[in-house]
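Structure record follows, encoded as structure tokens.
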Amino acid sequence: RLYIQDPPQTQSDIAKSLGIEKSTVSRLLAEAREKKLFSVTLNLPRDQKLELDLNRAYGIQAVVEPIFETRSQKGWQTFTCLLAESAAQHLEGPASPLQSGQRIALACGATMRDLVNALTPGTLSKMSFSQLTVETLVEEIVDQSPFTLITTLYGKWREDSSVYAINPLPGTLRDDGGAYTPAYKPCRDKLIEQFEVLDVAILGIGLCRLGAGDGFAYICEKAGVSREELMRNNPVGEILNCPFDKNGKSLIADLPKLGQVVDSVGPDRLQEMVSKNKKVIAIAGGAKKVQTIRVAIETGLINYLITDHTTAKSLLAKTN
């Protein structure tokens, strides 16, 4: 009570007032947090001016969260997790673009995993969920596989919602000639059928960097795609595990090894969705992604961005 009262006392103040060591106060507070006897919440305001400026500059809806990037690898992981958690709060809040009864599809990746983990069960009802991408390395990167994420999301609204999820085995996506196998083609057709009636797509935006330690780099390395093969096509970034160029065009057809283990609705269908004023929501930020995010916006791959303060300012600097 002393620690969270208004005004709160510091640990040193509490130690003095109770006549105990500060280390004891620190230990007791740690135990209290662990037992969830109290919690500390933040209600930091979004930067509405930056959001309006992004709307004017790019014609998109934007949510700018008060989150700031740090330089270390551990700091980057914390940053992306905080961005995903903030996105979850926004998607569940009063200004959310999501509504009960909508059809929603999800991409994969660490940001999507953190988003799904942060969402609160039962916030929305009568939802229909499906995948935006499929890959056949599920057993090796299960925490980020599309099948795992979409079924976990469905599990939070199981009682009155539905899901279409695909979990193909390795080698079942395409035959040696690059065509969809007879076993997989009905699944692909159903995936596109689900996409055609979507209301909202939610995804991340990534970089094309082999050896980066992220899901896309891992898939490329396991598929046998070399850095030379990848960079020969001048990719700007990746979306739905599809590298895309400066025009927003998918490069997956130019990388047959990658196409053997990855299938998605593709950037071209995202552009169709944007042209119909349906929501394609990207959760992405960080200094190294500014150019990739800008291309995704300008080529019509997304029309709704949830990002951080610094990325928003950098995107605006590019337009001046």
Side-chain angles (χ1 to χ4, degrees), residues 1-54 62-96 98 109-124 143-144 149 152-153 155-157 202 204 212-214 283-290 305-317:
R1 285 176 178 160
L2 293 173
Y3 189 68
I4 65 172
Q5 69 183 6
D6 187 16
Q9 289 190 26
T10 66
Q11 292 187 27
S12 296
D13 292 337
I14 295 170
K16 287 178 182 179
S17 65
L18 298 181
I20 58 178
E21 295 293 326
K22 182 181 175 182
S23 59
T24 303
V25 175
S26 179
R27 177 178 57 80
L28 291 172
L29 286 172
E31 290 179 6
R33 282 196 188 92
E34 186 176 346
K35 294 177 180 178
K36 298 183 179 179
L37 299 180
F38 79 95
S39 63
V40 178
T41 60
L42 293 174
N43 294 302
L44 300 176
R46 287 162 33 196
D47 195 322
Q48 294 184 342
K49 182 180 184 304
L50 274 179
E51 293 175 354
L52 181 59
D53 289 344
L54 283 171
V63 174
V64 180
E65 297 288 355
I67 298 168
F68 296 86
E69 181 183 359
T70 56
R71 296 182 182 274
S72 68
Q73 180 60 30
K74 185 176 180 180
W76 169 255
Q77 292 170 350
T78 300
F79 165 78
T80 56
C81 185
L82 286 173
L83 184 58
E85 290 175 357
S86 296
Q89 291 177 15
H90 170 68
L91 294 176
E92 294 177 335
S96 174
L98 306 185
T111 301
M112 296 297 102
R113 177 197 61 210
D114 293 337
L115 172 73
V116 169
N117 290 339
L119 288 169
T120 304
T123 305
L124 301 169
D143 66 323
Q144 293 184 20
L149 289 178
T152 301
L153 181 61
K156 294 193 172 188
W157 287 276
I202 305 175
D214 58 19
I283 304 169
K288 56 191 176 184
K289 289 189 178 183
V290 171
L305 176 66
I306 301 176
T307 193
D308 63 288
H309 183 274
T310 305
T311 300
K313 293 189 75 172
S314 297
L315 287 168
L316 288 170

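If you're wondering where the values come from, they're calculated on a predicted model, not measured in any experiment. Values below: every heavy atom of this structure, side chains too, minus hydrogens, waters and symmetry copies.
Distance CZ/Arg33 to CG/Leu28: 11.5 Å, rounded to 0.5 Å. Once rounded to the nearest 0.5 Å, the distance linking CD of Gln89 with CG of Leu115 reads 11.0 Å. Atom CD1 of Ile202 is separated from atom CD1 of Ile306 by 7.5 Å, given to the nearest 0.5 angstrom. A distance of 12.5 Å separates CD1 in Ile283 from CG in Asp308, rounded to the nearest 0.5 Å. Summarising the geometry, atom CG belonging to Asp47 is positioned 12.0 Å from atom OG1 belonging to Thr307; distances are rounded to the nearest 0.5 Å. The line from CG of Leu82 to CD of Gln77 is 12.0 Å long, rounded to the nearest 0.5 Å.
Taking each heavy atom of Pro8 and Tyr3 in turn, the nearest pair found is CB-O, 3.1 Å. Minimum heavy-atom separation, Val63 to His90: CG2-NE2, 3.4 Å.
Enclosure of atom CD in Glu21 is not indicated, since only 12 or fewer non-hydrogen atoms of other residues, nucleotides or ligands lie within 6.0 angstrom. Heavy-atom contacts from other residues, nucleotides or ligands closer than 6.0 Å to CD of Gln48 number 12 or fewer.
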>> Is there a side chain to side chain contact (heavy atoms under 4.5 Å, CB included) between Leu149 and Arg113? Walk through the geometry before answering.
In response: CA-CA 6 Å; Leu149 289 178; Arg113 177 197 61 210; 3.7 Å; yes
>> Would Leu83 and Thr111 count as a side chain to side chain contact (heavy atoms under 4.5 Å, CB included) here? Give the steps.
In response: CA-CA 8 Å; Leu83 184 58; Thr111 301; 5.8 Å; no
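With contacts defined as side-chain heavy-atom distances shorter than 4.5 Å, the pair Glu65/His309 does not qualify. Residues Leu315 and Leu305 meet the side-chain proximity criterion, which asks for heavy atoms closer than 4.5 Å.
With sequence neighbours left out, the side chain to side chain donor-acceptor pair (under 3.5 Å) criterion links Thr24 to no other residue. For Glu31, the side chain to side chain donor-acceptor pair (under 3.5 Å) test picks out Arg27, with sequence neighbours left out.
Here the side chain of Lys289 pairs no donor or acceptor atom with the backbone of Thr311 at under 3.5 angstrom. Between the side chain of Ser26 and the backbone N or O of Lys22, no donor-acceptor pair lies under 3.5 Å.
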